[in-house]
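Worksheet for the structure shown next.
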Amino acid sequence: MKIARLILEDGSQFVGWSFGYDTNTVGEVVFNTAMTGYPESLTDPSYAGQILVTTYPLIGNYGVPDTGLGENGLPLFMESEKIHAKALVVADYSETYSHWNARESLASWLKREKIPAITGIDTRRLTKVLRESGVMMGKIEISEELRVKSEEFATAFPESEKDYGSVNWVEKVSCKEVITYRPDMKAAANSSLFTLHSSLPRVVLVDCGVKANIIRCLIKRGIEVVRVPWDYDFNQLEFDGLFLANGPGDPEQCSKTVANIQTFLNNEKVRPCMGICLGNQLLAKAAGAKTYKLKYGHRSHNQPVQKVGTTQCFITSQNHGYAVDDSTLPSNWEPLFVNMNDGSNEGIRHKTNPWMSAQFHPEACSGPVDTEFLFDEFVKMLG
């Protein structure tokens, strides 16, 4: 195994061993506290441009499932067709794995997709640095020697990626053409999730980096999903509802998407709308609110979220670095959920029209499924 080192923007250095693809890379260093779900996290487009640090120490012990495609051209088990994270950093990589669904080792998959990875570092110390100083850019170097030159850090980054927020990561991960997914009506009719409609509801899904399980959750409820690129003018289409997907990066980079959402909101024909994660931020911006960057974001399976105005609290899966400033919401909008840890916004809704969003992931793959009922609420709004 070759020597690998992670150098942070503040000069902090962590030295371990390479167990992925032997190549250097740069990215925003973030941490996730989930105990499971590394295949889903690595293929989540929301991690595009980021170096993922897992705080749970043992990674790789259950291998990697089939990475191929299944029904409707969706991945069988992953959240997209490839790994989007720039790199993976763990404390202890398990070279042997055991799981009934495993097809290969994590190292084999990473090497095949040309993604670098480091094991053998103190991820607890690294996470403390990120919690105290905030997420920051980092560089991974793979070499044969231990010599570390921190003074080279300033010239280690391409100009285009020195600031994570300055890159339009949504444009990089969004689909390039319109894709339609039709449900298997026979299978859907036998599901307890199926909702009977006089005609097949048609939902436009704006792909800002959508996770595959969001699409699965819609089509298994008997919804026809029309997936469009992030900057596509969907208002020219005929549809029954709008779905704003998750995605990576700063919502400020998605002005074209926000403009299209504003046109939808101002249309005389009121149709339901639901947003998830980045979709929550884009809906808020279209309504006139502001967003801001969190110090180190929410990336875990255990974020407690309360429904505003009730005593209901849910355990949620989350992956985002930006949040809505709900104090800037217009008078006809209101917060729907709030984070019980830091008080940040976790969702919004319009006071009279059928428009709502969640900052967390109701489809939760991987993670708790406590809030999947929000998809049912959206389907009910479709009529």
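The structure presented is a predicted model; accordingly, all values stated were derived computationally and were not measured. The first residue in the sequence is number 1, and the count goes up from there.
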Is the shortest heavy-atom distance from the side chain of [X] to the side chain of [Y] under 4.5 Å?
X	Y	result
Leu283	Leu265	yes
Val178	Tyr232	yes
Val89	Ile51	yes
Val204	Val228	yes
Pro75	Lys82	no
Phe375	Arg221	yes
Ile215	Val210	yes
Ile276	Pro362	yes

Which donor-acceptor pairs under 3.5 Å do the side chains of residues 18-30 make with protein atoms, sequence neighbours left out?
unit_1 : atom_1 : unit_2 : atom_2 : d
Ser18  : OG     : Asp22  : OD1    : 2.6
Asn24  : OD1    : Ile142 : N      : 2.8
Glu28  : OE1    : Gln50  : NE2    : 2.9
Glu28  : OE2    : Lys293 : NZ     : 2.5

Rounded distance [0.5 Å steps], [atom1] in [X] versus [atom2] in [Y]:
X	Y	atom1	atom2	value
Ser357	Met274	OG	CE	8.5 Å
Cys217	Glu363	SG	CD	6.0 Å
Leu329	Ile348	CG	CD1	5.5 Å
Phe337	Phe360	CZ	CZ	4.0 Å
Thr180	Glu224	OG1	CD	6.0 Å

| query | Considering residues at least two apart in sequence or located in another chain, which fulfil the salt bridge (charged side-chain N to carboxylate O under 4.0 Å, His left out) criterion with Arg271? | reply | none

| message | With ring pair (Phe, Tyr, Trp, His ring centres under 6.0 Å) as the rule and sequence neighbours excluded, what pairs involving residues 95-116 come up? | response | none

Output side-chain donor-acceptor pairs under 3.5 Å for residues 243-255, partner residues at least two apart or in another chain, one line each.
unit_1 : atom_1 : unit_2 : atom_2 : d
Asn246 : OD1    : Lys211 : N      : 3.1
Asn246 : ND2    : Ser46  : OG     : 3.0
Asn246 : ND2    : Gly209 : O      : 2.9
Asp250 : OD1    : Glu252 : N      : 2.9
Glu252 : OE2    : Lys285 : NZ     : 2.9
Gln253 : NE2    : Gly165 : O      : 3.0

Exercise: do [X] and [Y] side chains pair donor with acceptor under 3.5 Å:
X	Y	result
Thr352	His350	yes
Asn345	Gln359	no
Asp44	His84	no

| request: If you link ILVMFWY side chains whenever their heavy atoms are less than 4.5 Å apart, which other residues fall into the same cluster as Leu76? By chain and number, please. | output: Phe77

| With ILVMFWY side chains joined below 4.5 Å, transitively, what does Ile315's cluster contain besides itself? | none

| Among Tyr62, Tyr47, Tyr93, the one residue meeting ring-ring contact (aromatic ring centres under 6.0 Å, His included) with Tyr38 | Tyr62

| query | Where is the tightest heavy-atom contact between Ser12 and Val129, given as atom of each residue plus distance? | reply | OG-CG1, 4.2 Å

| query | At their closest point, which heavy atom of Ile118 faces which heavy atom of Arg5, and how far apart are they? | reply | CD1-C, 4.0 Å

| task | Check the pair Asn332, Glu334 against side-chain contact (heavy atoms from CB on, under 4.5 Å), reporting the backbone distance first and the verdict last. | result | CA-CA 7 Å; Asn332 53 346; Glu334 62 185 1; over 6 Å; no

| message | Evaluate Val225 against Asn72 for side-chain contact (heavy atoms from CB on, under 4.5 Å), listing each step before the verdict. | response | CA-CA 11 Å; Val225 177; Asn72 263 308; over 6 Å; no

